[in-house]
Amino acid sequence: MLFIVYLLSYSLTMKLVTILFLLFSLLIQAQGDLKEEPKTKSGYYLEDQIYIGASYNLLRNKPASVNLRGVSNTIFMGLIRDVPFNEQRNFGMGVGLGYARDTYFHNMKISNSSDQLSVSNFEDFEYFTSNKLLFHKIEMPIQIRWRKSTIDKYKFFRLYSGVNLSYVFSSKSEFDLNGIQKYKDLNNINKLQYGLSISMGHGTWNGFVYYGLNSLFKDVNFNNEDPLNLKSFKFGLMFYIM
């Protein structure tokens with residue numbers, strides 16, 4: 001029975017990845033078609049439609065005994081459809097689709113217990129050697145975009161802000177306490193996560209900040225006592241291409 005559940009979960013994950021890959025391919029094809037338009041339409045151009053980035057992750061609203069260890073991080077990439085609002089094409093919006101992997105290195109004990117996620121302190125706190133929480137997500141950034149660009153200017157100042165919606169399609173907790181223990185497809189994860197984002201910079205280098213608005217978990221008590229309301233805060237670098 002567990003093997004069948006695993007196969008179904010694996011199949012669903014692969015289907016989501018395949019759908020994301022196909023959407024990327026279609027958007028890349030559309031981008032290739034758009035490249036031809038400036039030759040026939042004076043003043044027509046689109047900017048910043050492929051992005052890739054990395055961030056350092058923090059947790060807000062954490063219990064006093066909870067700490068992050070090492071370099072908790074997110075790696076993300078995707079495509080955005082640029083929609084200018086004015087003739088100069090330097091103000092508009094963007095709607096995108098992408099992939100992100102969140103990794104949190106921490107000192108909590110996160111395990112699936114029957115149908116409920118258990119989050120607590122380690123009883124033998126000093127003995128565990130590694131501990132991480134991992135999310136794989138499909139993201140949809142929605143941005144208001146302002147930039148000082150022209151049709152022949154490739155290095156310019158930009159300020160993009162908006163919301164970032166994401167769906168967690170795979171999750172895992174892993175820790176080493178006298179042997180590695182792994183828990184996949186965690187219960188009580190908020191699969192729909194959202195927050196405010198802003199990216200700003202000039203040319204290739206752009207700073208990026210994300211402020212999570214909802215909790216990573218739902219209906220979870222820390223040490224079976226206080227509600228756990230962890231929210232993410234990320235800052236890092238984002239690179240735009242094309």
Side-chain angles (χ1 to χ4, degrees), residues 16 20 51-80 93-110 112 116-120 131-145 158-174 183-201 206-223 226-240:
L16 288 170
L20 185 61
Y51 67 89
I52 184 170
S55 69
Y56 178 73
N57 299 346
L58 298 173
L59 289 175
R60 300 162 33 237
N61 301 337
K62 59 186 180 61
S65 61
V66 172
N67 294 298
L68 291 178
R69 297 183 164 200
V71 182
S72 297
N73 63 84
T74 294
I75 304 296
F76 54 94
M77 64 188 72
L79 299 165
I80 293 184
M93 69 176 295
V95 179
L97 184 68
Y99 163 81
R101 187 197 67 189
D102 292 348
T103 306
Y104 296 92
F105 298 97
H106 56 87
N107 65 346
M108 297 176 288
K109 183 178 181 180
I110 301 177
N112 268 341
Q116 179 70 26
L117 189 71
S118 173
V119 183
S120 61
N131 195 356
K132 67 180 179 181
L133 175 66
L134 182 67
F135 294 146
H136 293 279
K137 305 189 299 185
I138 294 175
E139 293 194 319
M140 186 175 73
I142 303 173
Q143 302 173 339
I144 295 297
R145 303 179 135 200
R158 62 175 62 79
L159 174 62
Y160 299 162
S161 63
V163 297
N164 198 355
L165 310 175
S166 61
Y167 176 78
V168 179
F169 67 86
S170 177
S171 58
K172 181 175 72 171
S173 172
E174 178 180 319
Y183 299 89
K184 295 183 179 181
D185 299 322
L186 303 175
N187 299 313
N188 302 94
I189 294 294
N190 259 330
K191 289 186 175 294
L192 179 62
Q193 299 178 8
Y194 52 88
L196 303 176
S197 67
I198 184 170
S199 60
M200 178 175 63
N206 298 271
F208 169 80
V209 175
Y210 171 85
Y211 186 87
L213 295 178
N214 69 328
S215 175
L216 302 181
F217 305 103
K218 58 182 178 181
D219 302 323
V220 173
N221 292 333
F222 185 65
N223 290 331
D226 301 322
L228 190 62
N229 189 31
L230 294 177
K231 298 180 180 180
S232 63
F233 178 78
K234 309 174 184 180
F235 62 92
L237 292 174
M238 177 178 283
F239 304 92
Y240 291 103

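The two residues N67 and N107 come nearest to each other via the heavy atoms N-OD1, 2.9 Å. Closest of all the heavy-atom pairs between K231 and L213 is NZ-O, 3.3 Å. In terms of heavy atoms, Q193 sits closest to N214 at CA-OD1, 3.5 Å. The two residues G98 and Y51 have their closest heavy-atom pair at CA-OH, 3.6 Å. The two residues M108 and H106 have their closest heavy-atom pair at N-ND1, 2.9 Å. A pairwise comparison of heavy atoms in P63 and L230 identifies CD-CD2, 4.2 Å as the closest pair.
Y211 places none of its side-chain heavy atoms less than 4.5 Å from the side chain of I198. No side-chain heavy atom of N73 sits less than 4.5 Å from a side-chain heavy atom of K234. Annotation: side chain of R145 is in contact with side chain of I80 (closest heavy-atom distance under 4.5 Å). M140 places none of its side-chain heavy atoms less than 4.5 Å from the side chain of Y167. Side-chain contact between R69 and N131: absent, with no pair of heavy atoms (C-beta onward) separated by less than 4.5 Å.
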(Q) Would L228 and V66 count as a side-chain contact (heavy atoms from CB on, under 4.5 Å) here? Give the steps. (A) CA-CA 11 Å; L228 190 62; V66 172; 5.7 Å; no
(Q) The test is ring-ring contact (aromatic ring centres under 6.0 Å, His included); show your working for F76 and F208 and say whether it passes. (A) CA-CA 12 Å; F76 54 94; F208 169 80; 5.0 Å; yes
Q: Evaluate the criterion side-chain contact (heavy atoms from CB on, under 4.5 Å) for residue pair Y104 and I110; output intermediate values, then yes/no.
A: CA-CA 12 Å; Y104 296 92; I110 301 177; over 6 Å; no
(Q) Run F135 and I189 through side-chain contact (heavy atoms from CB on, under 4.5 Å) and show every step you take. (A) CA-CA 10 Å; F135 294 146; I189 294 294; 3.8 Å; yes
Q: Give the intermediate values and the outcome of side-chain contact (heavy atoms from CB on, under 4.5 Å) for residues F222 and F217.
A: CA-CA 11 Å; F222 185 65; F217 305 103; over 6 Å; no
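Taking CG from L216 and CG from D102, the interatomic distance works out to 8.0 Å, rounded to the nearest 0.5 Å. In this structure, S232 OG and L59 CG are separated by 7.5 Å, a value rounded to the nearest 0.5 Å. With rounding to the nearest 0.5 Å, the separation of CG in N221 from CG in D226 is 7.5 Å. Separation of atoms NZ (K218) and CG (L117) is listed at 11.5 Å; rounding is to 0.5 Å. The structure places OG of S170 at 11.0 Å from CD1 of I138, a figure rounded to the nearest 0.5 Å. Remark: F233 CZ to N61 CG distance equals 13.0 Å, nearest 0.5 Å.
With 3.5 Å as the limit, one finds no donor-acceptor pair spanning the side chains of S215 and N190. Side-chain contact of Y240 with S199: a donor-acceptor pair under 3.5 Å is present, judged by distance alone.
Atom OH of Y183 sits in a crowded spot, with more than 12 heavy atoms from other residues, nucleotides or ligands closer than 6.0 Å. Shown here is M200, whose CE atom has no more than 12 heavy atoms of other residues, nucleotides or ligands within 6.0 Å.
Using a distance-only test at 3.5 Å, with no hydrogens or angles considered, no donor-acceptor pair links the side chain of T103 to the main chain of L134. A donor-acceptor pair under 3.5 Å is absent between the side-chain atoms of Q143 and the main chain of S197, judged by distance alone.
The only option from N187, N188, D185 that meets the side chain to side chain contact (heavy atoms under 4.5 Å, CB included) definition with N112 turns out to be N187.
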